[in-house]
Amino acid sequence: MEIKKLTQKEKARTRALYEEVFSEDSLEFVDYYYTEKTKDNTIYTAERDGEVVGMLHLNPYVLSVEGAEKKINYIVAVATKKEYRRQGVMASILRHSLKDMYADGQSFTFLMPAAEEIYFPHDFRTVYVQEKRYYEEKQYPYSMTAASEEDCAGLADAAEQYLNANYQVYAKRDEPYYQRLLKEYATDGGSLMIGKKDGEIVDCRIFWPDGVEKERPKIMVRIVDVRRMLMSVRVRSLIGVCFQITDPVIPENNRCVVLTGTEFSGVMLMDSKPENSEGTVTIATVASFLFGAKSAEEICMEEGVWMSERMKSEMEKIVPLSRIYLNETV
């Protein structure tokens, strides 16, 4: 089995596997995906005798994390041919891509799982349930119309102002973001409906011809570079704690660190000796904790984690990244 990172010209070789595994997607959507999304994404394949038997796509987004812009990959289209499943194909591609993302300086990655249990052994943890706003046939206190390409710049400005004021983690909006989104929704007969008041955009909702989607997909994250991730958060007050981190996939994350800082200076990290450690955390539990899914007390109940009482107290000074808005589909 050979793991490959495809060139731009090779990406179309994965379309047959995409259509085989994701047969629920319309032809129009697949055409859109292989025209638009593959322009700037990264595709890994597992191949045997020149045949694509597994794949994983990394779709790039610029996220705002506590006001700082970060290039982060959204993992999508993870697929294995039926006859090669349960043979470690996905795990091999995933490990390869995670190590490449570490080398590229990314702090974390995220995905929308078909089932959480698939990714749990690979240290992904659920941190968010998508909350999309849908257009309904009812009266609104402003006029609602279908968005056009001419609205995309205004949409981006309005969304950035709102998201920046209300969320710690979200995908940055710009004019191309909404131009691409309009094409994406149109493939299945959908659109964006915008509300305007006194000429200003005050609302934006998704319209589907068949009504509101009932499912609320979950988002899981996996920390890629734990040092970069820890330095992305804020603290409530003076903090000083030493602990060991373990990661079975990315060896550079296996380290003992001293985390210090204040609400004014931000987080500072130094390497330390294991004998100074006040506890041990796994890379998975760091994700649960930093993204606000679990408290320090709760992650101590998981395998491979222990903390002194002082460490628990210090860790609770970290401000979790719990205000999340990651509603992207692909």
Side-chain angles (χ1 to χ4, degrees), residues 63 65-68 70 72 94-95 98-99 101-110 116 119-128 168-169 219-324:
L63 300 192
V65 180
E66 289 288 27
K70 295 183 180 292
I72 301 293
L94 192 54
R95 285 194 297 268
L98 286 169
K99 290 176 180 178
M101 282 188 272
Y102 179 89
D104 194 39
Q106 299 204 18
S107 52
F108 70 97
T109 185
F110 66 106
E116 292 169 279
Y119 297 97
F120 204 84
H122 303 287
D123 302 303
F124 285 82
R125 292 296 183 267
T126 301
V127 301
Y128 175 64
Q168 295 163 286
V169 181
I219 294 295
M220 301 181 83
V221 302
R222 208 280 186 191
I223 291 179
V224 174
D225 187 326
V226 73
R227 285 177 59 85
R228 291 178 185 273
M229 195 67 240
L230 287 169
M231 293 182 72
S232 299
V233 298
R234 296 183 294 109
V235 294
R236 296 185 175 91
S237 58
L238 175 64
I239 186 173
V241 62
C242 178
F243 55 94
Q244 183 78 36
I245 305 157
T246 62
D247 186 337
V249 175
I250 302 172
E252 293 87 349
N253 285 334
N254 289 289
R255 60 202 316 147
C256 185
V257 299
V258 175
L259 186 153
T260 61
T262 70
E263 65 270 39
F264 307 110
S265 69
V267 168
M268 294 172 282
L269 284 178
M270 296 179 292
D271 286 326
S272 185
K273 296 178 180 180
E275 53 264 34
N276 297 328
S277 176
E278 299 174 70
T280 299
V281 291
T282 63
I283 200 71
T285 54
V286 175
S288 294
F289 178 73
L290 292 186
F291 284 90
K294 291 187 176 183
S295 66
E297 190 70 48
E298 287 171 324
I299 67 172
C300 283
M301 299 169 67
E302 296 195 24
E303 185 178 352
V305 179
W306 72 273
M307 295 184 195
S308 68
E309 289 303 315
R310 201 195 82 85
M311 179 177 171
K312 290 179 192 177
S313 177
E314 289 296 289
M315 294 296 278
E316 292 297 350
K317 295 177 181 178
I318 293 174
V319 179
L321 299 167
S322 55
R323 289 185 287 118
I324 302 167

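Reckoned from all heavy atoms, side chains included, excluding hydrogens, waters and symmetry mates. Keep in mind that this is a model prediction, so the values were computed, not measured.
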Evaluate side-chain contact (heavy atoms from CB on, under 4.5 Å) for F124 paired with T109, printing each intermediate quantity in order.
CA-CA 9 Å; F124 285 82; T109 185; 4.0 Å; yes

Is the closest side-chain heavy-atom distance between I223 and L290 below 4.5 Å?
yes

Atom of I250, atom of N254 and distance for their closest heavy-atom approach:
O-ND2, 3.7 Å

Please check this pair: side chain of R255 against backbone of D271, looking for a donor-acceptor N/O pair closer than 3.5 Å.
no

If only atom types and distance count, is the side chain of E314 paired as donor or acceptor with the main-chain N or O of G240 below 3.5 Å?
yes

Is it the case that the ring center of F108 lies less than 6.0 angstrom away from the ring center of F291?
yes

Between M315 and F289, which heavy-atom pair has the shortest distance, and what is it?
O-CZ, 3.0 Å

Decide if atom CD of E275 counts as having more than 12 heavy atoms of other residues, nucleotides or ligands within a radius under 6.0 Å.
yes

Would a distance-only check, ignoring hydrogens and angles, find a side-chain to backbone donor-acceptor pair under 3.5 Å from E252 to D225?
no

Can you check whether I299 reaches V286 side chain to side chain, under 4.5 Å on heavy atoms?
no

Could you tell me whether a side-chain N or O of E66 sits under 3.5 Å from a main-chain N or O of S232, the two making a donor and an acceptor?
no

Indicate yes or no for a side-chain donor-acceptor contact from D247 to the backbone of I283 under 3.5 Å, with no hydrogens or angles considered.
no

Do M229 and L321 touch side chain to side chain, with heavy atoms closer than 4.5 Å?
yes

Heavy-atom pair with the smallest gap, counting every atom of G261 and V235:
C-CG2, 4.1 Å

Ignoring hydrogens and geometry beyond distance, is a side-chain donor-acceptor pair present between S277 and Q244 at under 3.5 Å?
no

Using only atom types and a distance under 3.5 Å, with no angle test, would you say the side chain of N253 pairs donor to acceptor with the backbone of V224?
yes

Do the side chains of V127 and I324 get nearer than 4.5 Å, heavy atoms only?
yes

Main chain of A287, side chain of R222: is a donor-acceptor contact present, judged purely on distance under 3.5 Å?
no

Taking atom types as modelled, find out whether K70 and S107 have a side-chain donor-acceptor pair closer than 3.5 angstrom.
no

Do the side chain of E278 and the main chain of V241 share a donor and acceptor less than 3.5 angstrom apart?
no

Side chains of L259 and K317: closer than 4.5 Å at any heavy-atom pair?
no

Determine whether M220 and Y128 make a side-chain contact, defined as any pair of heavy atoms from C-beta on separated by less than 4.5 Å.
no

When every non-hydrogen atom of S322 is compared with those of Q168, the smallest separation belongs to N-OE1, 3.1 Å

With side chains defined as the heavy atoms from C-beta onward, is the minimum distance between N276 and C256 less than 4.5 Å?
no

